[in-house]
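Notes to accompany the following structure.
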Amino acid sequence: MRKPPRKKARVSPRKAPARKGLMSLCGGMSAAECEKALEHIYEFINSCDLKADLGAEIKRHLDSCRGCFTRFEFEQKLVARLKEAGCCSCPETLKARVLTILKEF
Amino acid sequence: MDNDARRKEFQSKALPLLNEVYGVALRMTRNPQAAEDLVSEAYARAWKALDQFTPGTNIRAWLYRIMTNAYINHFRKKHREPEKVSLDAYDRIEDFHLFNRVSSEAGPGSPDPFDSVVGRLTNEKFEKALGRLPDEYRAAVILYDLEGLSYQEVADALQVPLGTVRSRLARGRKILQSALWSQAVEAGLVKGNGRGKEALSHAKASS
């Protein structure tokens, strides 16, 4: 598979040669739809900042576009793995400190 | 709502968040003792300012705002670190950098590019990669991507405009993805020819 070119500033499946191979997976889906879905992909994962209709539109697109879904799945797994990597238990000393604060004031 | 009711709400909702809040503090400060100090200061500030909390609103976001403010105004002044990376270099990196790199290395028809490379990185490697981010970029990525706060909540926490949050997130993700690629190369999970090496040497040269 061809390596992606170095200079590529933003998500644009239409202009991005690196995506060409995967774009064919969209099976006739318009490049503008892919662009829109990928532009909002982190908002879609976060789900705080996406209006319901745009969220539904992106979901429909991801359901039918394998190329975009593959990227979405990758980013979603990455976020989940990053969260998991940072999971830790608060030390008992800190718990005690906080409980003391809550009693003192 | 009177103060007793607020206190009860805080105790029932904010105390169970201790592990999570400590995790975020640890990632922000990258130092267990500093993280403990930061969390206890955040809880103390929140507890004293309970009358400013609007019941029924997002207590997590409120707590993170207080903690981030404490971090920016107090902790960073004490433990100020120089910028870790040359940021301009990262603007040349494309979006979905890690996906593109891993997919092109793996080739078509290979197993899931995430599971076969990124999923095999250890927790320590993930923390190292996060550590490559300058503080304010790391904070934005942690609060938005990992903790699920909204743009506005992150903007309030970091005391910057919404546009700044978006640009820090975009840049922060690029730095993080580039650093994760370097970690995958170091771990021998990928060969890391071409641009991978370049990203690695960038990171090393500026550390």
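Treat the numbers as computed from the prediction; the structure is a model and nothing was measured.
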Side chain, backbone, both or neither of B:Arg166 within contact of chain A (heavy atoms, under 4.5 Å): side chain
Under-4.0 Å salt bridge between A:Lys95 and B:Glu36: no
Shortest non-hydrogen contact from B:Gln177 toward A:Leu78: NE2-CD2, 3.6 Å
Parallel, tilted or perpendicular: ring planes of B:Phe96 versus A:Tyr42, cut at 30 and 60 degrees: parallel
Under 4.5 Å from any heavy atom of chain A - which part of B:Glu124: neither
Heavy-atom check, side chain of A:Cys48 versus side chain of B:Tyr151, under 4.5 Å: no
Straight-line distance of A:Phe74 CZ to B:Leu98 CG, nearest 0.5 Å: 4.0 Å
Partner chain B: residue of A:Glu75, A:Glu73, A:Glu84 with the largest heavy-atom pair count (under 4.5 Å): A:Glu75
Residue selection (most heavy-atom pairs with chain B, distance under 4.5 Å) from A:Gly86, A:Ser47, A:Ala80: A:Gly86
Side chains of A:Leu82 and B:Leu176 in contact at under 4.5 Å (non-hydrogen atoms): yes
Contacting region of B:Tyr144 [heavy-atom separation from chain A under 4.5 Å]: both
Beyond-backbone contact of A:Val98 with B:Trp47, side-chain heavy atoms, under 4.5 angstrom: no
pair A:Leu99-B:Gln11: side-chain heavy atoms closer than 4.5 Å: no
Lys/Arg N to Asp/Glu carboxylate O, B:Asp37 vs A:Arg97, below 4.0 Å: yes
Separation of B:Asp145 CG from A:Ile45 CD1 (nearest 0.5 Å): 7.5 Å
Contact check, side chains of A:Pro91 and B:Tyr22, non-hydrogen atoms, under 4.5 Å: yes
Least distance between heavy atoms, B:Phe126 atom then A:Ala85 atom: CB-CB, 3.8 Å
From SG (A:Cys88) to CZ (B:Arg27), nearest 0.5 Å: 8.5 Å
Verdict with reasoning, A:Leu94 to B:Ser40, per side chain to side chain contact (heavy atoms under 4.5 Å, CB included): CA-CA 7 Å; A:Leu94 177 58; B:Ser40 60; 4.0 Å; yes
Polar side-chain atom of A:Asp49 near backbone of B:Ser150 as donor-acceptor pair, under 3.5 Å: no
Inter-residue atom distance B:Asn19.CG - A:Cys90.SG, 0.5 Å rounding: 5.5 Å
Heavy-atom proximity to chain A below 4.5 Å, by part of B:Gln33: side chain
Which of B:Asn123, B:Val39, B:Leu180, B:Leu169 touches chain A most, by non-hydrogen pairs under 4.5 Å: B:Asn123
Portion of B:Leu130 that has a non-hydrogen atom of chain A nearer than 4.5 angstrom: side chain
Pairwise side-chain contact, A:Lys77 with B:Val118, heavy-atom cut-off 4.5 Å (strictly under): no
